[in-house]
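Numbers here are sequence positions counted from 1.
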Amino acid sequence: MQFKNGFFTQFLHLAGPFWSGENRTEVRRQTLFLIGLTILQMVIAVLITEWSAALFNALEQHSMSGLLQEMALLVLIFIANMTVTVKHLKIKRQLQIGWREWLTGQVTERWMHQGRHYQVTHIKTARHDNPDGRIAEDIRIATEDAITLCHTLFYSLLSLASFSVILWGISGTVTLDFGLFTFTIHGYLVWVAIIYAVSASFLGWRIGRPLTKATDARQTVEADFRFDLVTVRENSQAIALIKGEAQERKRLRHLFDDIIRAYHRQTQAMANIILFSSGYSVLSMAFPVLVSAPRYILGNISLGSLMQAVQAFQQTTSALSWPVDNMSAVAQWRASVERVLSLMQALEDLEQELARPDPYRIVLEKSEQPILRFHKLCIGKLDRMVCMSVFDEFIRPGEHLLITGDTATGAKLFKAVAGLWPWGEGRIELPDDEPMFFMPPRPYLPTGSLRDAICYPDEADTLKTGELEQLMEWVGLKNLTEQLEKTDIWYNALAREQQQRLGVVRLLLKKPKWILLQEAFDSLPPDGETDMYRLISQQLPDATLLTISNQPTAHAFHQRRITL
């Protein structure tokens, strides 16, 4: 996906394929249905103004039969308006949630693809902080508000076309006598409405321009604050143990101070718009009566025509005032779209970075032999600073290799094997058709039942309960077997030591032939670490083991050692 420079071009490149995708027939049908219902809404609005004119004419003529006729007609308009409005709401919301579902799937698929969600955090590119907020909230606003704004704009255009014709007919011809010459104006109420609305829109646009930047700034700081609150929640135990509450309160206070400043900036921008809009709305109620009343006083139009002219004038100016009325909504929508585009642009920049021919890349390839070979491997950073100099090693099947020294560099070595760290030089040959099992210092335990969390990312449906309970007993977690069906936030509910032991359960369930342990037992006591190594060796005697650890207990379970 290549983005162009224009904002709307970028948005159409990102979200437009929704109307040409696999479900295009249904999507287009809903879109046409929504357009048809919008036209019906306008037809009903026109009928209401004509009904209002006939009603006031009947009142002016003291006609009881005319009043009863208008009452009967009102019932029909009432039923039609309710039916069209409800159906319009349902179709619009179906289209909104469908578009949001599609775009969320598109963005999530690119973000959660082959470690891109991790790699994108290491490149300097467009802003892509807080991707969770961009996917959950900004995509919602970008899609739902886009359809709402398009609908109101289309309705305003229909309203402008329909009611300006009515207003033109009621206006008649006005002749201005300036003594030396006369000037005839046809449809003067239309011209007054245009001048009135355009002037108001221009002033409103000038006053409301700062709101876009203020809204974007507030959304950014709100997302930062929300992200840090989640981080505190996820690390609450660690914070409590080291008495870090005061520092966290201070940091959160600083973040909230940013929200306050952005809030006040947005409030001032909104106050300027509301100050103008409130005066504009009051004037809009009286102004059409004042400019239409002279023709009624002179007897050129009836009371019904006067009321119809007032309604038509209000509808026309309302249509012309769409930019003023929707300035805040457009600002919020554009800010959200730009945040989604920034995330997608960052992912696009990452793809280009990885695809660009560059010798500063680690090459991954499948070996014809069941070995893991590092050939002139040099691991670096994005700025090409070297983390690890030339590294030539190969690991045979069933071998146990211990990596000591700089554990941070060792972690990058494992990431390079996993394809998550391409920056560097050299080549890594992977054993063909042999999946590798990586155990980080803290295994990922998603929220849900404990059984599902242990079996992640596989399904737990086919797993026998007895087998799982046996493994949990072996790793010293027999007390947790009663909680297998319990749902909880396990990375908060369990101690780090328990989580590392559950990582061994997951390992024994997978039964891999290649195991990479990255300080996987650093929270266990020495005897617990010894028990885990012994259990792995006994249950998976043919597995190849690569371990990053500086713990002395690991030495006894590895034939070779490399110091980084």
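- Counting heavy-atom neighbours within 6.0 Å of Arg93 CZ, excluding the residue itself, gives a total of 12 or less.
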Carefully, step by step, assess Phe394 and Phe374 under the rule ring pair (Phe, Tyr, Trp, His ring centres under 6.0 Å). CA-CA 6 Å; Phe394 68 91; Phe374 301 97; over 10 Å; no
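- The residue from Lys366, Met436, Arg396, Arg373 that alone fulfils the side chain to side chain contact (heavy atoms under 4.5 Å, CB included) condition with Pro431 is Met436.
- Environment of OH in Tyr263: sparse, with no more than 12 heavy atoms of neighbouring residues, nucleotides or ligands closer than 6.0 Å.
- Using modelled atom types, one finds no donor on one side chain facing an acceptor on the other under 3.5 Å when comparing Trp490 with Thr447.
- The aromatic rings of Phe11 and Trp333 stand perpendicular to each other, their planes meeting at an angle above 60°, with 30° marking the opposite boundary.
- Looking only at atom types and distance, the side chain of Gln500 has a donor-acceptor partner in the side chain of Asp522 under 3.5 Å away.
- In this structure, Gln538 places its CD atom where more than 12 heavy-atom neighbours from other residues, nucleotides or ligands lie under 6.0 Å away.
- Counting heavy-atom neighbours within 6.0 Å of Phe225 CZ, excluding the residue itself, gives a total above 12.
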Side chain to side chain contact (heavy atoms under 4.5 Å, CB included) between Phe557 and Thr530, intermediate numbers included: CA-CA 9 Å; Phe557 297 91; Thr530 299; 3.8 Å; yes
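- Evaluated for a side chain to side chain contact (heavy atoms under 4.5 Å, CB included) with Ile403, the options Leu413, Leu516, Thr409 yield exactly one hit, Leu413.
- Checked against the 6.0 Å centroid threshold, Phe521 and Tyr533 count as a close aromatic pair.
- Separating the CD atom in Gln219 from the CZ atom in Arg339 is a distance of 6.0 Å, to the nearest 0.5 Å.
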